[in-house]
Asker: 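Take this structure first; my questions come after.
Naming: A, B, ... by sequence-line order, numbering from 1 per chain. Computed from a prediction, not measured in an experiment: that's the story for all the values here.
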Number of protein chains: 2
Amino acid sequence: MATTEQPVTKEPVNSGREAETPRVDLRTVLFTVADAKLLIALHGNREKAALPRSGPVPNESLDTTARRTIRDSTGLQEQYLEQLYTLGIREANIWSIIVGYIGLIPLSPETAALSGTTWCDVNDLPKLSDSDERVIEYALLRLRAKLGYTNIAFHLLPRSFTLTELQNAYESILGRRLDKRNFRRRVIASGILQGTNEQRREGSHRPAALYRFRAEHDPGDYLTPMWAEEA
Amino acid sequence: MATTEQPVTKEPVNSGREAETPRVDLRTVLFTVADAKLLIALHGNREKAALPRSGPVPNESLDTTARRTIRDSTGLQEQYLEQLYTLGIREANIWSIIVGYIGLIPLSPETAALSGTTWCDVNDLPKLSDSDERVIEYALLRLRAKLGYTNIAFHLLPRSFTLTELQNAYESILGRRLDKRNFRRRVIASGILQGTNEQRREGSHRPAALYRFRAEHDPGDYLTPMWAEEA
DNA sequence: GCAAAAGTGTTGTGTATACACCCATGG
DNA sequence: CCATGGGTGTATACACAACACTTTTGC
């Protein structure tokens with residue numbers, strides 16, 4: 001049923017041969033936060049770096065493929081994944097349809113050591129292809145925006161964390177300082193946190209309380225309510 | 001949205017031969033509002049209906065292709081266009097990568113008369129393919145959500161309109177009534193409107209003032225600021 | 001006892017909601 | 001003069017931003 005052909009008419013390009021077909025290409029922008037820096041996982045070394053990528057797989061959803069791409073190229077399991085944007089581009093004379101994904105992953109011992117993949121500071125990226133740069137640029141835009149109205153930043157932190165660590169993550173991403181009291185009030189009020197009874201002692205100062213977030217709480221995630229009058 | 005999972009028709013299909021390549025397919029969900037109903041442009045008749053679609057074109061951005069798809073299949077020029085989501089699906093044994101688009105267009109005299117395309121009430125759609133239904137479902141979700149934090153609804157109205165018409169458009173999309181005074185205060189305060197000095201006389205009651213919106217005012221359109229403290 | 005980070009409240013300002021009546025017109 | 005939709009204001013609740021000091025610990 002899906003085959004109703006339509007008057008598309010425009011196809012001047014590619015004059016001679018049979019129809020050119022685009023290559024479909026998934027690219028994943030995997031973020032983490034370490035040491036107050038926002039990092040991206042890049043495949044290759046600083047000379048020849050690129051976003052982790054792969055082609056689509058029949059009978060597998062794109063989301064699943066993206067998830068596997070991250071796993072294969074980093075050995076890590078991302079905590080949050082979202083499709084970004086799809087763009088058509090010709091590069092090195094290859095026509096590609098690029099489906100961009102954004103992924104978030106906690107910083108952890110293993111996260112640091114990757115084979116074939118390096119973490120690069122977002123503010124100091126190596127030379128990349130135009131398409132990779134576009135995908136990254138958009139991923140950053142979306143990450144920052146989303147931070148405002150969702151709680152995705154939690155996915156960048158380990159299972160338990162202090163409020164200061166959480167705040168640092170926010171500040172790294174936004175590139176701006178936040179007010180401690182307002183931050184805490186807000187994040188507590190939002191109800192996503194669950195206080196453990198543990199503390200972390202570290203340095204000659206008062207120990208910090210550790211929190212988790214509730215698995216449940218990650219609701220619609222991205223809708224903004226509004227116009228929410230009663231009748 | 002967080003990882004919108006896609007059901008995948010699990011099938012052994014195509015095991016032996018060389019790599020199967022997906023077909024890329026753009027689909028456009030074009031909305032308008034008429035008579036307090038939210039309508040979608042469908043190609044074909046009620047028996048065999050489908051979303052306007054087309055394949056990608058080399059050296060043309062997907063957005064441009066989508067725009068052209070709308071123009072070709074409806075003869076209309078949409079006022080607002082945005083990419084939605086890309087999904088991989090196998091349907092009728094064809095493996096497709098479907099890129100969904102949402103478009104908004106004002107209701108106008110011409111809008112009514114289309115060749116080969118019909119406007120269907122969102123609440124009374126004919127039978128469509130699974131993929132079309134998914135694209136539409138998502139388009140609706142996004143349209144409603146976006147209405148909350150942007151001004152896209154304006155793109156559904158003709159050049160000049162009364163505040164009541166504008167409010168009706170909102171109510172049609174949201175499927176909910178809004179308070180007249182709050183609605184007006186808000187929309188006026190937002191500054192997107194520009195009062196013309198004309199009025200519309202219609203029926204035995206007080207005539208309504210006509211407004212336009214300023215071309216300029218339709219900024220970033222979809223970002224939500226927040227965490228906007230000073231330092 | 002001091003350095004260093006953790007933790008804690010109040011106040012003002014703006015924005016969203018709820019709510020009910022008068023106005024201008026055509027017939 | 002009446003029916004019909006157009007148009008207007010206020011009081012209350014909540015959310016956000018600004019702002020500074022006390023607490024606990026290790027050394």
Asker: Using the six-membered ring wherever Trp is involved, compare the ring planes of B/Phe154 and B/Phe213 and label them parallel, tilted or perpendicular (cut-offs 30° and 60°).
Answerer: perpendicular
Asker: Counting only side-chain nitrogens and oxygens, does A/Thr164 get under 4.0 Å of the OP1 or OP2 atom of C/dA5?
Answerer: no
Asker: Taking atom CG of B/Leu156 and atom OG of B/Ser172, what is their separation to the nearest 0.5 Å?
Answerer: 9.5 Å
Asker: Looking at A/Leu51, is its backbone amide N or carbonyl O close enough to the side chain of A/Asp132 to form a donor-acceptor pair, meaning the two atoms are under 3.5 Å apart?
Answerer: yes
Asker: Rounded off to whole Å, could you give me the CD-to-P distance for the A/Glu165 and C/dG7 pair?
Answerer: 11 Å
Asker: Show, in sequence, the C-alpha distance, side-chain angles and deciding distance for B/Tyr80 and B/Phe31, and conclude whether the ring pair (Phe, Tyr, Trp, His ring centres under 6.0 Å) test is met.
Answerer: CA-CA 10 Å; B/Tyr80 176 87; B/Phe31 288 105; over 10 Å; no
Asker: Expressed in angstrom and rounded to an integer, what is the separation of B/Gln167 atom CD from D/dG5 atom P?
Answerer: 14 Å
Asker: Could you state the atom-to-atom distance from CZ of A/Phe183 to P of C/dG9 in whole Å?
Answerer: 18 Å
Asker: Within this structure, what is the CG-to-P distance between B/Leu163 and D/dT8, rounded to whole angstrom?
Answerer: 9 Å
Asker: Would you indicate what B/Ala209 reaches in the nucleic acid, counting non-hydrogen atoms under 4.0 angstrom: base, sugar-phosphate, or nothing?
Answerer: sugar-phosphate
Asker: Kindly point out which of C/dG7, D/dT8, D/dC16 is positioned nearest to the side chain of B/Arg184?
Answerer: D/dT8
Asker: Using a 4.0 Å heavy-atom cut-off to protein, can you give one letter per nucleotide of nucleotides 19-27 of chain C, 5' to 3': B if the base is in contact, S if only the sugar-phosphate is, - if neither?
Answerer: BB--BBBB-
Asker: Between atom CD1 in B/Ile188 and atom P in D/dG9, what is the gap in whole Å?
Answerer: 13 Å
Asker: Taking the six-membered ring for Trp, are B/Phe161 and B/Tyr211 ring centroids under 6.0 Å apart?
Answerer: no
Asker: Report the residues that fulfil ring-ring contact (aromatic ring centres under 6.0 Å, His included) with A/Tyr85, sequence neighbours left out, ordered by chain and then residue number.
Answerer: A/Tyr138
Asker: Could you state the CZ-C1' distance from B/Arg177 to C/dT17, rounded to the nearest angstrom?
Answerer: 17 Å
Asker: Measure CG/A/Leu166 against P/C/dA6 and give the value in whole Å, please.
Answerer: 12 Å
